[in-house]
Amino acid sequence: MITATLSTLQSLPLSSPSHSSSSYSLRHSHGRPFESFENGFRRSSQTHRFDYVDYQETPYRVIERYREMVLIYNNGAFSNLAFAPVLKACSKASALNPGKQIHAQAIKSGLSSDVFVQTSLLAMYSSCGEMETVFNLFDKIPHRNVVTWTAMMDACLRSEQPSRAAVVFCEMQRAGVRPDNFSIVSLLSACARLGALNLGRWVHSFIEKEGLELTVFIGTALVDMYCKCGSIDDALMVFNSMKKKNVQSWNVMLHGLSVHGRGEEALQLFFEMEMDIGIRPNEVTFVGILCGCSHSGLVEEGRFYFDLMWSKYGIEPTVKHYGCMVDLLGRAGLLEEAFKMVMEMPIPPNPVIWGSLLSACRAQNNLGMAERVNQRIIEIHRDSVQGDTSHYVIMSNMYAEAGLNNKMAEARIKIGKKPKGRSWIEIGCDVHEFTVGDVSHSMWLKIKVMLNEIMKKREDHGEEDLQNPHSEKVAVAFGLLSTSSPMPIRIVKNLRICEDCHGVMKLISEVYEREIVLRDCTRFHRFMGGLCSCKDYW
DNA sequence: GTAGGGTTAG
């Protein structure tokens, strides 16, 4: 410890702090200069100019330089200007321990009540996953500004609590704090994750009403929201009206078309994207393209673009690109080729890839290969404490169909207790959160009958129909089309859901032979297609 | 002057 301190001190310039500042500035004079924070550090009553942050540096280097400053001025006082940038660096690096030390120093300096320091601390704890601390901290911030509120929304989104983020937004409005571009983007992100189309539309009209500019960030967030909420045409409308687009805007639209089974249009969009000078497709772009090929059964096109990403753009395929390809080949019935691809890929395959191949084996009814694949999944999961058991569900069903009852029973035991999935539905202007997997429902028998009926209707529609989004139809069914103002959200806890919905959540797990954790209810909306009786129930 | 934002395989 002492050695480290000495060596750090020795490595520092012996000249005055102001001199060290200029030497660093000179060194970087060709790039973005160091941010200058006068009063960042003070010794006695004397103020020194101190530059310690260069945003081009790695977060760890920023933290290191901050520590060097602390060593020099260990008897001095800090101003809030010293803390915010280094806490931002801690956020970027998810560096909890340095963050805690800085928190302690902030308290010692009597600056823990400064809103800049508090907001930076909030963001730091949030990016380190310390949600309890975040909520405690937030409660103790007396004068929250729009940045504080947005940081809190971001914390909710990070911890997979999008409905809470929406509530935070509402509280912010109630507190009389005007939302800005940042908070609107966070709210749109919450809508996207919730599948809350109606709320998203409210946000869109809010943007227009308030005359907020359709910046590239807001535009992209809107497009993403409409895609995730199943309203692809609205997404296209916003996308086409965007004056400025960057690679993320294109990627969002491309991926949206892909997951909606509109692969041909996705490929057309990619063509247009290539025509746009100044836009260079990146690896996310190709995840979107390959996903589109897979969802639309475009095998040859998928192969073509998988090669193109390296040959034309020099992008190395990642595990996600391989995942799309394996899914594409598997769905097309090319099991051997898919298996070969997994075995020969230069990066280690993960359970997602094997799982996708296993689903393909199930679809092709290839028990032999399914067993081989299952073995691989077991090997990968061997070391993990909380293993995903969905592969056993597929195996047990395949064994059941093959009449191998002993093996089926064996697999059933392994399935064990599944964690509860959560989902949300938007009814009117409320966002409702509920959980799935409750087997104790007193109406279960009745539900079962109802589900059979729903499944029959699904079959009558044909499998193809199920691939298409039914958002508009569902919106009507759920009574979503009425808009009310000014406060669009109210979260209902301990929600009762209608028998149909409750049962369908279970059924999805059974039918798709996988554990369903619905992050948004888009898929759920599509699945229901207006067939449930939630509207009457409510 | 310092703090907060959008995309990614099943």
field: ring-ring contact (aromatic ring centres under 6.0 Å, His included) partners for A/F206, two or more places apart
entry: A/W202
task: Using ring-ring contact (aromatic ring centres under 6.0 Å, His included) as the criterion, list what pairs up with A/Y313, not counting sequence neighbours.
output: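 Partners of A/Y313 by the ring-ring contact (aromatic ring centres under 6.0 Å, His included) criterion, ordered by chain and then number, come out as A/F286.
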Between [X] and [N], is there a side-chain N or O to OP1/OP2 distance below 4.0 Å?
| X | N | value |
| --- | --- | --- |
| A/H255 | B/dA9 | yes |
| A/K320 | B/dG10 | no |
| A/K88 | B/dG1 | no |
| A/H295 | B/dG10 | yes |

task: Could you tell me whether A/L254 contacts a base, only the sugar-phosphate backbone, or nothing, with contacts defined as non-hydrogen atoms closer than 4.0 Å?
output: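 No contact.
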message: Any base atoms under 4.0 Å from A/S249, or only sugar-phosphate, or nothing? Heavy atoms, all strands.
response: base
Whole angstrom value for the distance that separates P of B/dA9 from CD1 of A/I347: 15 Å
- request: Consider the side chain of A/V147, meaning its heavy atoms from C-beta on, and name the nucleotide among B/dG6, B/dA3, B/dG5 that approaches it most closely.
  value: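 Looking only at heavy atoms from C-beta outward on A/V147, the closest nucleotide is B/dA3.
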- prompt: So which nucleotide from B/dT8, B/dA3, B/dG6 ends up closest to the side chain of A/V216?
  reply: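 Of the candidates, B/dG6 comes closest.
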query: Does A/F217 stack onto the base of B/dG5, taking stacking as ring centres under 5.5 Å apart and planes under 30° apart?
result: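 Yes; centroid distance and tilt both under limits.
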A/R262: partners by side chain to side chain donor-acceptor pair (under 3.5 Å), with sequence neighbours left out: A/E265
message: The criterion is side chain to side chain donor-acceptor pair (under 3.5 Å); which residues satisfy it with A/E344, sequence neighbours excluded?
response: none
query: So which of residues 240-248 of chain A are in contact with DNA chain B, with a heavy-atom cut-off of under 4.0 Å?
result: A/N246, A/Q248
field: Under the side chain to side chain contact (heavy atoms under 4.5 Å, CB included) test, residues paired with A/E283 that sit two or more places apart
entry: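 A/I315, A/T318, A/H321.
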message: Checking the side chain of A/S241 only, and the main-chain atoms of A/V238 only, is there a donor and an acceptor separated by less than 3.5 Å?
response: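 Answer holds: yes.
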